[in-house]
2 protein chains.
Amino acid sequence: MQFSKSTAYGLHALMLLAKSERGRNVGIKELSSSLGASESYLSKIMSKLRQDGLVRAVTGVNGGYELARAASEITFLDVVQVLEGRQHLYECFHGSDHPLPSLEAAGDEPETPEFAFGEGCPVKQVMDAAELQMNRYLQQHTIQSALNQAGSCDAHTASKK
Amino acid sequence: MQFSKSTAYGLHALMLLAKSERGRNVGIKELSSSLGASESYLSKIMSKLRQDGLVRAVTGVNGGYELARAASEITFLDVVQVLEGRQHLYECFHGSDHPLPSLEAAGDEPETPEFAFGEGCPVKQVMDAAELQMNRYLQQHTIQSALNQAGSCDAHTASKK
DNA sequence: CATATAATGGACATTACAGGTCCATAATAA
DNA sequence: TTATTATGGACCTGTAATGTCCATTATATG
Ligand code: SF4
Ligand code: SF4
């Protein structure tokens, strides 16, 4: 289990857009050469971000992308959910919900097993809650907040130059 | 991004072993028929769990698997790390560590770009911390604790029967 | 209007990996 | 010795991520 490259690209593209900002449209060429991704591939990603309302795009001369809302209003969770999808990380394998098989009931009912639970399967509960912990954190961090972090780092590495 | 089926199977298998317990070895046949997984596939998973010291296995007649330590000492994180691997969820795409490309530096140095950061890249920081939130939660929950949850659920669904 | 520019979306091709099977081998109890 | 049971290597398969190509559409500019 890993985040897809698309998510990495998407996050970085948004960081770049946030840095540039001020009405200026940033073209796919600029983005792709900055990130080292192909134009075609990155454009797919940008397209998804647009469809989900994270960026605006304008075609034609001087066209390109810009953030659709303030960088402080775009959370990491937004980006992850667009590019990784919104399914749960943990998916049950029998039917859609609840069970938890027991050893004893094994041979008896192979197709409609006598399972122990209703809604509150503890395995799924733990896994979903774990996912929630991560998502909560991702939701608390925005492109802007990351950019601020970057700023302070910038300062201290600039001195090295 | 999703947890693999292997993780689901692994967790369930351990739940079953914990339920049975008391010196008795549970064979792959029992496990696979309870979970609805093939013997061959599940045995690979069990093998991994054994290599990582979560279960013990004994071959031959009356052989099978049992927990290698108390169910309360096996965390969800243990299982996830064995079956999903221990790499970080978020992987950087240029080089191994730090940068964050800037638009301006794009055309200049295509191969060794002038990046802004040392260790503290904010994007990676956020993503790694998010992962940590999830892992912390997974570490706090054990096969035993899930089983306890299960017990209480059992009680209230048993009345329905 | 004509033209150059730039994003879009559909249709591919490629690659990687999860998921799954098979079998020969080794270990163990009876 | 025999039946049983886990092991691990080799292999196959399907699907999703990655990546490319192109025809179309939209826009600014002169
Ligand atoms: S986690 Fe619970 S509900 Fe999901 S498959 Fe397992 S037993 Fe069933
Ligand atoms: S997250 Fe930071 S360190 Fe990682 S690739 Fe992006 S800029 Fe580089």
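Here is how names work: the chains are called A, B, and so on, in the same order as the sequence lines, proteins then strands, and each is numbered from 1. Treat the numbers as computed from the prediction; the structure is a model and nothing was measured.
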Original post:
How does protein reach along nucleotides 4-12 of chain C, written 5' to 3' as B (base within reach of a heavy atom under 4.0 Å), S (only sugar-phosphate), or - (no contact)?
Top reply: BBBSSBBB-

**OP:** Take the protein atom CD of E66(B) and the nucleotide atom P of dT28(C), then report the distance between them rounded to whole Å.
**Re:** 14 Å

Original post:
First contact, last contact: which nucleotides of DNA chain D are these for chain B, 5' to 3', heavy-atom distance under 4.0 Å?
Top reply: dA3(D) to dA10(D)

Original post:
Using a cut-off of 4.0 Å on non-hydrogen atoms, how would the nucleic acid contact of S40(A) be classed: base, sugar-phosphate, or nothing?
Top reply: base

Give each protein N/O atom lying under 3.5 Å from an N/O atom of nucleotides 16-18 of chain C, with the pair distance.
none

Original post:
What distance separates L77(A) CG from N135(A) CG, expressed to the nearest 0.5 Å?
Top reply: 5.0 Å

Original post:
Which residue pairs pass the side chain to side chain donor-acceptor pair (under 3.5 Å) test when at least one of the two sits in residues 76-89 of chain B, sequence neighbours left out?
Top reply: S4(B)-E84(B), T7(B)-E84(B), D52(B)-R86(B), R69(B)-D78(B), T75(B)-D78(B), H88(B)-E131(B)

Subject >> With R56(A) via salt bridge (Lys or Arg N to Asp or Glu O under 4.0 Å) - residues at least two apart >> reply: E66(A)

Original post:
Among pairs that include at least one residue of residues 36-49 of chain B, which meet side chain to side chain donor-acceptor pair (under 3.5 Å), considering only residues two or more places apart or in two chains?
Top reply: S6(B)-Y41(B)

Original post:
With F3(A), which residues qualify under ring pair (Phe, Tyr, Trp, His ring centres under 6.0 Å), at least two apart?
Top reply: none

Subject >> Residues N148(B) and Q144(B): side-chain donor-acceptor under 3.5 angstrom >> reply: yes

Subject >> Partners passing ring pair (Phe, Tyr, Trp, His ring centres under 6.0 Å) against Y90(B) (at least two apart in sequence or in another chain) >> reply: none

Subject >> Cluster link M1(A) to V79(B), ILVMFWY, side chain under 4.5 Å >> reply: yes

Subject >> Sequence-distant partners of T59(B), side chain to side chain contact (heavy atoms under 4.5 Å, CB included), two or more places apart >> reply: none

Subject >> Polar side-chain atom of S32(B) near backbone of I28(B) as donor-acceptor pair, under 3.5 Å >> reply: yes

Original post:
Which whole-number value in Å describes the distance from N25(B) CG to dA27(C) P?
Top reply: 17 Å

